[in-house]
Structure formats: structure tokens, C-alpha cells
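For reference, the structure discussed in these notes is given below.
Order of appearance sets the numbers: ligands from 1, and atoms from 1 within every ligand. All heavy atoms count here, side chains included; hydrogens, waters and symmetry mates do not.
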Amino acid sequence: MASSRHNGKNASGPTVAASSAGADQGQSGEFLTTAQGLRLPDTDHSLKAGERGPTLLEDFHLREKITHFDHERIPERVVHARGAAAHGVFESYGTGRSVTKAGFLASKGLQTEVFVRFSTVLGSRGSADTVRDTRGFAVKFYTGEGNFDLVGNNMPVFFIQDGIKFPDIIHAAKPQPDREIPQAQSAHDTFWDFASLHTEATHHVMWNMSDRGIPRSYRTMEGFGVHTFRLVNDAGETSLVKFHWKPAAGVHSLVWEEAQITAGFDPDFHRRDMAEGIEAGAFLEYELGIQVMPDDASDSFEGIDLLDPTKLVPEELAPVQPIGKLTLNRNPANYFAETEQVAFHSGNLVPGIEVTNDPLLQARLFSYLDTQLTRLGGPNFSQLLVNRPHAPVNDMLRDGMHQTAIPTGLAPYQPNSIDGGEPRLATAAEGGYVQVSRPLQATVVRASPASFDDHFSQPAMFYRSLTPLEQAHIVEAFTFELGKCYEQAIKERELQVLANVDSDLCAQVAAGLGLSAPDGNPAVDAGLSPALSQIATEPGPIAGRKIGIIADAGADLAGIGKIRTAAAKIGATALVIAPVGGVLGTGTHTQTVDRTLLTARSVEFDALVVASGTTAASDIKLTLLLQEAFRHCKVLAAWGDGTAVLEAAGIAADGAGVVTGNTAVKSFTDQLAAAVGLHRAWDRAPDVMASAIPPVLTS
Ligand code: HDE
């Protein structure tokens, strides 16, 4: 899509390349220079009075280099500090046209460049990717009508109903202020103190404690706009919608022990996974969909208050209708310039997409612009390459810190005659953003509607719509998190909250904590939404997945080659794990060793396969590797006499989720791919995971 900010006399920025990786402010030329372009003969020694003498103040290169270094850091984001991003393209299906006049959704096949940043909420910039937390899913569409930012999360509901509570929930969830621990975790007293007192958080807390809080990868996460938005079509008709991102790779999560190990073994697990996948051509794909509800002045649908962000609309009541496809296909060239400096704002809207009165959304409209003033050091952050619209900009905003444009013209004000009256104001027909008129007549109050008071029936619906395995994971998560709290009163108060959600859930968590379960008043019929469960019943695509092949000098190297080829064809990667590094074999069939038993950990792999001929079975590290994958319900496989290695590790070759056969037979690799496509061998769960014992259901 063409991009230009240059548009007549009042243009406030230089022409930009279509992508933020464009080099107009990048590094160029062959020689190392100072910031002034002076070529440098030496950057290893400071200028001194003699080889052993003091450093001279006149060393302008030393001072420039150190001064710039001293100021390399900017404040990290107050929330969502830890993130990773990618460039991509959004292709419209044209199906959204009946409900919105937004140009980028208007016709089939229309492509718009995007920049997407995924994040955790709580941790600092250097924290681990796999912690239990909500994930941010922020998308910047560089549309021809200006930037549209859909700044969402991987969960459809939020902790609070009114933006004024945001500092409270964040202060409670961030590390405790005395010792600044724990980092990037909700398993501590202040979080549960707040959650147990502020019961409108219950629904979001249930999602955080579910498998959604520990996604397998960004590729396997759903995304949600959370709030209800108002769409306006060409005829001026309005509807209320919720935005959804549906991942092509399915929705999949880690298991809790795996997430914890990964946080230590590879804190960059999610960002590495995305960057490596994109580099290998296994692009991340999501469908954008909308749930469409009538805008009938009630701001509610089927009894659900659409202005309450702690409520979702079950897909069974309003199906998610696909309107376009997002493909993330290019890694940023520079983390700081792009991922760190990108500035999202829920108020970046285009004609045809408007906000509603959701009090959480209303507060966000203020916050995002405001926070960038501190974080990006002034009001000109929209001139940073990654933030620049790919539509003409003619804004009459002038001066300020870090002004990099050289605006021309004499009259950055309206009306003017000196610059010929330009820039002109656009009518709605010319693409001007004209809000649909919303009649307002009200009394000024600090209060919420009564419909916001139901804090428990949707958490009950969520819990009861999941499979016993997913429910068991929730029980385990609550028991873990509350088990890490010190204050007895907080645990008891949260049990009271759970008693009002579901008695079985409460009873199991109480049992795990060694406390008695209080009586509550849970909803008897909260309804069910089977779409909320994420357990796959059909194999999905395995692009971006990793398969570890265990081998040694005696292994069937030709067979390994076949698996590598088969995996590559479907976008997966097969890595060879051997006792020591180097290359296995000589002659025609050689295989490079990618990991040794020292550098491999099961958490890196979605499946482990033992090559025929491998004899390293006596190594304890190998036994641990296989057993850990087994315990996390991962696919295990072997061909030929590789099964003996599995059996030596205590894994039956005919057990659930164990694929055996012969690599010469195509069905072996097909079966392997199908098993990985189911994500986990959950049938094994009752035998290997303490948490997987199905809860006892009462009538
Ligand atoms: Fe944010 N949020 N938020 N938030 N949020 C920020 O903006 C805020 C909320 C979300 O990758 C900050 O630029 C308030 C809901 C994402 O750069 C800050 C309220 C949802 C990201 C801020 C909310 C989100 C942010 C921090 C309550 C899901 C990361 C730095 C009214 C729909 C964007 C920044 C990125 C970031 C404030 C509530 C999602 C401080 C005051 C609800 C994905 O402005």
C-alpha cells in the first residue's frame, strides 16, 4: 500500500517508505562514523595523555559514544512491558461491508499492512514469556484512511468494569512494593487480596487460571477486542460488534509445570518461536471475525450487558463471522525502533468503526495517548517510522520534543487565508470521521448500572463449559496461586468467591489448600458455551512446531533425513538430539546434531522421536528428557528398534500418544504429524498428571 505523509504546504513529516523498516533514518555508508558523519579511525581506545596517562576531555568521540549509551533506555510500558512483534498483511474478505464503511474492510482481496505486538501484562521488559498471565494482542492496521489500532487481549473479558479501577488492579498484581517480588506473577497476596475483594474480577481471573493463561505460542492464541464497538455502514446504519481473532493453528496451551520450566530454560520461548517460525516461512495466521448484535438503544443482547467488559457473548448466541485474514510474515529489523517504540491507541479509529459507552473503553481513550508522552519522550511519537500512518498526514500539530519533520507553510491554523485555506476539512463523503450522533441525557453520577452487579454467572458458564481436563487445570492453578499466599484470610475470602461460582470447583481448591469449603450461592443454570473449550478433537496444522529426533552414531540417518523432509514440507522443524555435538555419520547420509543431551530440554519440543539404531538408552539425561515429555502428554515416537529406548525410559511403545512404525512407510510420518496436530496425547493425562483427575461432579 502506498504511503506518504507529504501532502501540500502543511505536511508535517517527510515522505516515508511503505514499511517502517525503510531506511530513511537507518544506518548507511561503509565507514564507522560519529553521529555527525565524521569517519573514525579507532573506536577501541580513548584519547589519553600518553599510553598510561589520564583521558582527555577533548575526546569528542568518547563523550558522544558514552553519552548516547547513558541514554539508551526509555521507560518500559507501565503494563505490557514484555512483548514481541511482527509485520504482516491483513486481507479483507469484503464480507464486513454490510456492517461497516471502513475502507480496509470494503472489498474482497484488499490488503493492508499491519504491525502486531504480543505481550504479557505484568512482567518487566526482561521477564519470562511463559508466565501465567493475560496476553496482549495489539494490531496496528496502516489503512488508507489512517491507522486503526485494535488493542486487544487473548481473553474476551477484563478484570474491571470501569477504567478508574485500572491503577488498583495493576498495583495489586505487579510485584509487591516492599521487595519488588514476585516478578511477572499473580501468585501473591496483594493480587488475591484485590481479586477476592473486587469480585467483578472473577470472570477474568477464571480465564487467567485456565489454560488460556499459559499459551503454547502466539500462533496458537485467540485474540479479542474485549469491548463492544459500534460499526457504521455506508447507509449510516449501526450495529454493535465484538472483534475476535481465530488462529489457523488452533488454540493450544502449555501445561503448568512445562510453563514454569520453560521460564527458566528459555525465557524468550514465545518470541523465539514467532521469530523462528516467520524466518522459516511458517507464517502466523489468524482470521478476523465479528459477532454482530443489533444497535437497538438497549446496549444489551440476550440479557447480556454489552457495555460490561466482564461479560462475553457466547458464540452460540452470536456466531463469529469471518471478515478477513491476518498473516504475520516479516520479523522486525530492530527491536527497539519497532517493537519498543510502537505506540498503540484504542482511539486510533477509522470511519465506520466507533466506540461505545463501555466505561473501560472510555478511560482507555485517554490513557494510551497520555502514556506515550512519558514513554516516548514527547508529543511527536507518531512520527516514529513504526507509528507513521501510511495515509497522508496534514495535521497542523507543530514543534515539541523530537520534532523530526520540517513542516512548510505559514498557517498551521484553521481557518486561514495565507496558505490558501489549506489543509481543507473533509466531509463524511470525503472520508472525514463524523461520529454517529448519540443522544445523551443523563444525571451526573459515580455509579454503575445494576446489570454490572452479576459477577458470578459467566465465570460459572466458563468453568462448566470446559472439559474435565481443562477444569482440572483450573483447580490446579487456583490451588497453586492461593497456596503461594501467606494470608489465611485472603485464601478463605477467595474460596468464598469460588463458592459463588461453582461448588465443585470450590470444594476441590479448598481440599488442595487443606481448608474447608464455604457455602455459596452459585448460579444453578448459568448456561453452557461449548465454544469456550479449546481441546482439539481433530488434528490441526503443525507449522511452526518442533520435533526432536533422538539419535547417536548408530542411528538410521537416512530415516532421520526422511522425517526432516516430511516435517519441513508442512512447516515444522525436526532437530537432531545426540549425546555429543557435531555431525553423525559419514558419506551419503550425514546428519548435523542440533542439540546435545546437555542443551536439550523437553519443553522445546512438541514431540520426541527415537531413531532406529540409537543405543544411548543408559544416559540418565535421556531418560529424564523422555519422561518429562511423557509427563507433559507430548507425542512420543520411535521407529525400528528405537522403541527399546522408549521402553528403557519406562514408556510403553503401545501407550496413548506413542507412535511407532517404520520411516520407510509414509504412514509413520503422517501419523506423527496427526498426533502432533492434536497438540497433546490427553488420553495419557489421567496416568501422568496429578491435576488431570476429573473433578467429581455433583448434580
Ligand atoms: Fe491497556 N494499556 N489499559 N488494556 N493495553 C497499555 O499503553 C490501560 C486494557 C492493552 O503492545 C498502556 O502504550 C488502561 C484493556 C494492550 O504496546 C497503557 C486501561 C485491554 C497493551 C494502558 C487498560 C488492554 C496495553 C501501557 C483501563 C484489552 C499493549 C503502554 C481503562 C482490551 C500495547 C501503552 C502494546 C497497554 C492503559 C485496559 C490491552 C498504560 C488505563 C481492557 C494489548 O496506556
Side-chain angles (χ1 to χ4, degrees), residues 74-87 114-125 129 133-140 147 149-174 198 200-201 203-204 207-208 212 215 218 221-229 241-245 270-271 274 307-312 328 332 335-348 355-377 381-382 384 386-387 448:
I74 60 172
E76 65 175 31
R77 287 168 174 80
V78 183
V79 284
H80 296 267
R82 170 81 186 167
H87 294 271
V114 296
F115 188 74
V116 178
R117 182 174 180 273
F118 301 107
S119 49
T120 55
V121 180
L122 296 179
S124 292
R125 198 179 139 185
D129 281 345
D133 197 357
T134 305
R135 299 298 184 287
F137 193 133
V139 182
K140 189 179 282 295
N147 287 351
D149 291 356
L150 187 53
V151 198
N153 279 343
N154 76 327
M155 300 182 188
V157 291
F158 207 68
F159 292 109
I160 51 172
Q161 294 166 322
D162 187 318
I164 199 168
K165 295 301 293 171
F166 195 64
D168 299 290
I169 169 65
I170 297 304
H171 289 170
K174 281 271 187 182
H198 183 76
E200 74 193 42
H203 196 185
H204 193 164
W207 280 77
N208 262 22
R212 307 284 182 139
Y218 298 138
M221 282 185 343
E222 276 182 303
F224 301 89
V226 177
H227 314 282
T228 304
F229 289 81
V241 304
K242 289 207 178 259
F243 287 104
H244 293 246
W245 291 107
H270 285 154
R271 72 166 62 165
M274 176 161 70
L307 301 186
D308 176 355
T310 68
K311 306 281 190 325
L312 56 82
L328 299 182
Y335 185 90
F336 181 85
E338 303 178 84
T339 310
E340 194 60 11
Q341 293 200 114
V342 66
F344 292 95
H345 176 24
S346 36
N348 287 350
V355 299
T356 57
N357 293 343
D358 173 344
L360 187 66
L361 177 55
Q362 293 281 322
R364 293 181 76 198
L365 296 173
F366 161 72
S367 179
Y368 289 71
L369 210 48
D370 179 51
T371 202
Q372 314 305 348
L373 298 178
T374 301
R375 194 172 75 80
L376 297 172
F381 53 86
S382 62
L384 292 165
V386 70
N387 294 324
S448 299

Look at atom 28 (C) of ligand 1 and say which protein heavy atom is nearest, naming residue and atom and giving the distance to 0.1 Å.
-> Asn153 ND2, 3.2 Å
Parallel, tilted or perpendicular for Phe159 and His204, by the 30°/60° rule?
-> parallel
For Arg117 and ligand 1, does the shortest N/O to N/O distance drop below 3.5 Å?
-> yes
Where does the angle between the aromatic ring planes of Tyr218 and Phe118 fall among parallel (under 30°), tilted (30 to 60°) and perpendicular (over 60°)?
-> parallel
So does Glu76 pair up with Arg82, basic N to acidic O under 4.0 Å?
-> no
Take Thr134 and Asn208 through the test side-chain hydrogen bond (donor to acceptor under 3.5 Å, both in side chains) and record every step on the way to the result.
-> CA-CA 6 Å; Thr134 305; Asn208 262 22; 2.7 Å; yes
Is His345 near ligand 1, meaning one of its heavy atoms is under 4.0 Å from it?
-> no
Which atoms from ligand 1 have a heavy atom of Leu360 less than 4.0 Å away?
-> 27 (C), 31 (C), 42 (C)
For Gly163, counting its heavy atoms only, list the atoms of ligand 1 lying under 4.0 Å from any of them.
-> 31 (C)
Intermediate values then yes/no, side-chain hydrogen bond (donor to acceptor under 3.5 Å, both in side chains), His227 and Asp358 | CA-CA 7 Å; His227 314 282; Asp358 173 344; 2.7 Å; yes
Answer yes or no: is there a donor N or O on one side and an acceptor on the other, between the side chain of Lys174 and the main chain of Leu122, under 3.5 Å?
-> yes
Closest approach of Pro332 to Ala86 (non-hydrogen atoms, all atoms of both residues) = CD-CA, 4.1 Å
For Ala363, the ligand 1 atoms whose distance to one of its heavy atoms is below 4.0 Å | 31 (C)
List the steps, then state whether side-chain hydrogen bond (donor to acceptor under 3.5 Å, both in side chains) holds for Glu338 with His87.
-> CA-CA 10 Å; Glu338 303 178 84; His87 294 271; 2.6 Å; yes
re atom 34 (C) of ligand 1, the protein heavy-atom contact at minimum distance is Thr371 CG2, 3.5 Å
Just distances here: any N/O of Gln372 and N/O of ligand 1 closer than 3.5 Å?
-> yes
Taking NZ, NE, NH1 and NH2 as the nitrogens, is one of them in Lys165 or Asp168 under 4.0 Å from a carboxylate oxygen of the other?
-> yes
Any side-chain heavy atom of His203 sitting closer than 4.5 Å to one from Lys311?
-> no
Thr339 side chain reached by Val342 side chain, heavy atoms, under 4.5 Å = no
Nearest neighbour in protein (non-hydrogen) for atom 33 (C) of ligand 1 | Phe344 CD1, 3.9 Å
Quick one: does Gly152 get a heavy atom under 4.0 Å from ligand 1?
-> yes
When only distance counts, is Arg77 in polar contact with ligand 1, meaning an N/O pair under 3.5 Å?
-> yes
Mind listing the protein N/O/S atoms less than 2.8 Å away from atom 1 (Fe) of ligand 1? Waters don't count.
-> Tyr368 OH
